[in-house]
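In what follows, chains carry the letters A, B, and so on, assigned in the order in which the sequence lines appear, proteins first and then strands, with residues in each chain numbered from 1.
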Amino acid sequence: MPELPEVEVTRRGIMPYITNQRIQRVVVRTAKLRWPVPTQLGTLLNDGLIKHVERRGKYLLLELENGWLLIHLGMTGTLRILSRGTASESQLLPTDRHDHIDWIFDKCMLRFRDPRRFGAVLWHPHNAGPVLLHPLLAKLGIEPLSADFNSALFHRLTRARSTPIKQILLAGQIVVGVGNIYASESLFRAGIHPATAAGRISVKRYEKLVTEIRATLAEAIEKGGSTLRDFVGSDGARGYFQLDYFVYGRSGEPCRNCGAPIRQIMQQQRSTYYCPRCQH
DNA sequence: AGCTGGTCCTGATGGC
DNA sequence: TGCCATCAGGACCAGC
C-alpha cells in the first residue's frame, strides 16, 4: 500500500480542496472492497460538510457533521481531486473500471480508485462513540511522528518476544505506518539485521531505530510534498513517489554504504532487503 | 507462475 | 483444564 508517507501526502493533498465543502452527491460504482461499502453511504453523506481531514496510522479519517468516514487505501488505493469545472453532473469525467467511489463537491470531486480492492471505506456515526475507539483503530500502535514514540516503549513491549524485528515493525501493534518498504529502509539505516529477535535489541539500538524510522518517514513525506500538484487536474493514475531506496528492491546491487551486495530474504511471505555487512 | 506498497481473521501453539 | 498472547497461514484482488 501506500505506507504512512503516501497516506499523509494524500491527506495534505485533498485537505485544502474538501475541507468546509459540502458533498453534493456520492457515487458508489463498486461496493465490494475489503468490507462492503455501506449501501446507505450516499444518503448518509448527502449534503454533508467535511469538517476535518485527519489520519491515524494508514487510515484517513474525514469528519462530517454527524460522523466519520474511514478510508484505507489498501495496497493500490488512491484518492485524487478532479476538477469538475463548470460541468453539470451529467458531464462527469470518464471513469476506469477501478474508479469505485466519487464524492462530488461544488467545484471538484474526490475519486477513490483501487484496482486490487484491498482498501476500505467505512462510516462511523458520532453516536457510535469516539472514532479512535473504532475496532480497526482502537488497537493500533503509536504514531511514529508523535513525541510519544520512543525507544523505551519499543524496548518494554518487546522484552519477551523472539519475533524478528522486521515482523514487529510490520505488525503495527507498537508503531503504525511502517510498511514493507520503509521497514527494510529503517532497519538498514539503523544497522539492525531484519531477522534479529525483537526482545534481544538494546534500548540504545532501539533509540537509533526510532530516530531512523522518523527520519525515513519524514523524508518520504517531504518528497511527496513536491507531488501535491498531481492531486489535481488529470484523471490519470499516478504512481506514488519513490525515494532513492538504500536497500528495498535492490537485491544483488551494491550497498550504498559499503558496496556489499544487498540481500533479499522472505519473512512472513514478504520480501526483506538488507546489507549483510552493515546490519547485525 | 510468482511476485507486488496491507492487514484482518482463523486456528494452532505455548506459557502460566 | 482454561485462559491468555503469540504466531503462521489464508484470504481478499488485479496487474505485470
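Residue order along DNA chain B, read from the 5' end via each residue's closest nucleotide, puts A/Arg116 first among A/Leu140 and A/Arg116.
Ring centers of A/His124 and A/His134: under 6.0 Å apart, within the cut-off. Taking the six-membered ring for Trp, A/Tyr17 and A/Phe105 have ring centres at least 6.0 Å apart.
The side chain of A/Tyr182 contributes no N or O atom lying less than 4.0 Å from OP1 or OP2 of B/dG6. Look at A/Arg97 and you'll find a side-chain N or O under 4.0 angstrom from OP1 or OP2 of C/dG15. Phosphate proximity of B/dT4 to A/Thr76: absent, as no side-chain N or O sits under 4.0 Å from OP1 or OP2.
Each of B/dG6, B/dT4, C/dA14 was ranked by its minimum atom distance to the side chain of A/His98; first place goes to C/dA14.
Note: CG (A/Leu70) to P (B/dC8) measures 12 Å, nearest angstrom. Summarising the geometry, the separation between CG on A/Leu137 and P on B/dT7 is reported as 12 Å, rounded to the nearest angstrom.
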Listed pairs, N/O of protein and of nucleotides 9-16 of chain B, under 3.5 Å:
none

Listed pairs, N/O of protein and of nucleotides 7-9 of chain C, under 3.5 Å:
unit_1: C/dC7; atom_1: OP1; unit_2: A/Thr163; atom_2: OG1; d: 2.1
unit_1: C/dC7; atom_1: OP2; unit_2: A/Arg161; atom_2: NE; d: 3.4
unit_1: C/dC7; atom_1: OP2; unit_2: A/Arg161; atom_2: NH2; d: 2.5
unit_1: C/dC7; atom_1: OP2; unit_2: A/Thr163; atom_2: OG1; d: 2.7
unit_1: C/dA8; atom_1: OP2; unit_2: A/Gln268; atom_2: OE1; d: 3.1

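Tracing side-chain contacts under 4.5 Å through hydrophobic residues (I, L, V, M, F, W, Y), one never reaches A/Tyr274 starting from A/Ile262; they form parts of separate clusters.
Base-pairing analysis of DNA chain C finds the following stems of at least three consecutive Watson-Crick or G-U pairs, with both pairing distances under 3.5 Å: B:2-4 with C:14-16, B:6-16 with C:2-12.
Applying the 5.5 angstrom centroid cut-off and the 30 degree plane-angle cut-off, the aromatic ring of A/Phe118 is stacked upon the base of C/dC12.
For A/Phe118 against A/Met75, the heavy-atom pair with the smallest separation is CD2-CG, 3.5 Å.
A/Ser186 has its side chain out of reach of A/Arg189: every pair of non-hydrogen atoms, C-beta onward, lies at least 4.5 Å apart. Between A/Arg200 and A/Arg159 the shortest side-chain heavy-atom distance does not fall below 4.5 Å.
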